[in-house]
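Below is one structure, written out as structure tokens, with a few remarks after it.
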Amino acid sequence: MLEKIEKLEAEIKEAISKITDLKSAEELRIKYFSKKGEFTRLFDEFRNLPKEEKPKIGQLLNKVKNELNEIFKNKQAQLKAEKAESENYIDLTLPGKKRELGSYHLLTQTLREIKGIFGKLGFSIHEGPELESDYYNFEALNFPPDHPARDMQDTFFINDKFLLRTHTSPVQARLMQSRDLPIRAIIPGKVYRNEAISAKSYCLFHQVEGLYIDTDVTFAELVGTLVSFAREFFGEDVKYRFRPSFFPFTEPSAEVDIWWEPSGKEGRWLEILGCGMVDPNVLEFNGIDSEKYTGYAFGLGIERMTMLKYGIDDIRVFFDNDKRFLEQF
Ligand code: DAH
């Protein structure tokens, strides 16, 4: 009996020292200390011992049992504490969590800048619908039905009458028809073209239209306004040129190019906008007396302006929403 007690004592001590979690501690408790456990069985054997041996063995058994219980309880408490600590553990040496700050999309930044510059020149801001009628997009701007100039703009038609506007110019007609003269407005917005997507063109882009109608508006004023705009946007030393062009709704018409010389590459002229004096036909069509009033208009592409200013050579990056691109600005 003595031997058995010693053997079991050693076995239990060793087992306790080996447990590493609360689950195995519970398994150990059941195996040795529960009612059917091995230690309890020793007590059963003890009951059958001859009377003379009982006091000595009994004392020993109780002593060992208390001792083992103590060791086990300590181990269990230690495991519990370790578990709690690991669950609440805060590693104060870890770097802090970075809060990411959003920023305005580069096109929004450009648009704000453009609005700011024309704002200072006395232009107010207007908007119009992206789903537009053929009437405003073409007819009211002197593109008669079947006129070849309609082919200049690949159009997404919704049906015979409606389309996604191909330019912001239809809002010119809308403003003229409101007959709130004089008009000195810029009209920013999205426009759509059914073009093959490439580094140079996308099915959607942004324009800012400008319209100034009053008595005695001259081409010289148009030039002055656009030159001050280009100087403010691209810098005082910007190199520009006005080149004759054609648009159905302006006469005469011009395009403005600016000189672009990316470092290490050969420079060239790049078109940034179309402009001209509002065609008297357009004034009359939209209810304005062309004997009394004259006006100028212009339309510029926001993507194109942004690409030039920041040296970006692929229009698609504006629409990919790749944070690695956007975060640079
Ligand atoms: N709407 C023209 C386009 O998208 C651009 C344009 C040219 C607008 C001349 C104007 C203008 O207001 O006068 O191609």
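One-based numbering, in listed order, for ligands and for the atoms of each. FYI, the numbering just counts along the sequence from 1. Only heavy atoms go into these numbers, but all of them, side chains included; no hydrogens, no water, no symmetry mates. Computed from a predicted structure; not experimentally measured.
- In this structure, Gln207 has a heavy atom closer than 4.0 Å to ligand 1.
- Residues Cys203 and Ile197 meet the side-chain proximity criterion, which asks for heavy atoms closer than 4.5 Å.
- Not a single heavy atom of Glu251 lies less than 4.0 angstrom from ligand 1.
- Of all atoms in ligand 1, listed by their number and element, those nearer than 4.0 Å to a heavy atom of Ser169 are 1 (N), 8 (C).
- Relative to atom 1 (N) of ligand 1, the option among Glu271, His167, Arg193 with the closest non-hydrogen atom is His167.
- The aromatic rings of Phe285 and Tyr135 are tilted relative to each other, their planes meeting at an angle between 30° and 60°.
- Considering backbone and side-chain atoms alike, Gly210 places every N or O at 3.5 Å or more from each N or O of ligand 1.
- Heavy-atom contacts from other residues, nucleotides or ligands closer than 6.0 Å to CG of Asp91 number more than 12.
- Of the heavy atoms in Met277, none comes closer than 4.0 Å to ligand 1.
- Between Phe143 and Phe249, the ring planes are tilted. Angles from 30° to 60° get that label.
- Of the possible donor and acceptor atoms, none in the side chain of Lys190 sits under 3.5 Å from a partner among the backbone N and O of Glu130.
- The backbone N or O of Arg324 sits less than 3.5 Å from a side-chain atom of Gln328, completing a donor-acceptor pair.
- Below 4.0 Å from some heavy atom of Phe247 lie the following atoms of ligand 1, by number and element: 7 (C), 9 (C).
- Nearest to atom 11 (C) of ligand 1 among the protein's heavy atoms is Phe249 CE1, 3.4 Å.
- Both the backbone and the side chain of Ala297 come within 4.0 Å of ligand 1, judged by heavy-atom distances.
- A cation-pi contact, defined as under 6.0 Å to the ring centre and within 45° of the axis, links Arg174 to Tyr136.
- Residue-ligand proximity, Gly276 to ligand 1, at heavy-atom distances under 4.0 Å covers atoms 13 (O).
- Closest protein heavy atom to atom 12 (O) of ligand 1: Glu209 OE2, 2.6 Å.
- Near Gln172, the atoms of ligand 1 lying under 4.0 angstrom from a non-hydrogen atom of the residue are 12 (O).
- Using the six-membered ring where Trp is involved, Phe33 and Phe72 have ring planes that are tilted, between 30° and 60° apart.
- Below 30°, between 30° and 60°, or above 60°: for Phe319 and His206 the angle between ring planes is below 30°, a parallel geometry.
- Ligand 1 places these atoms under 4.0 Å from at least one heavy atom of Thr250: 13 (O).
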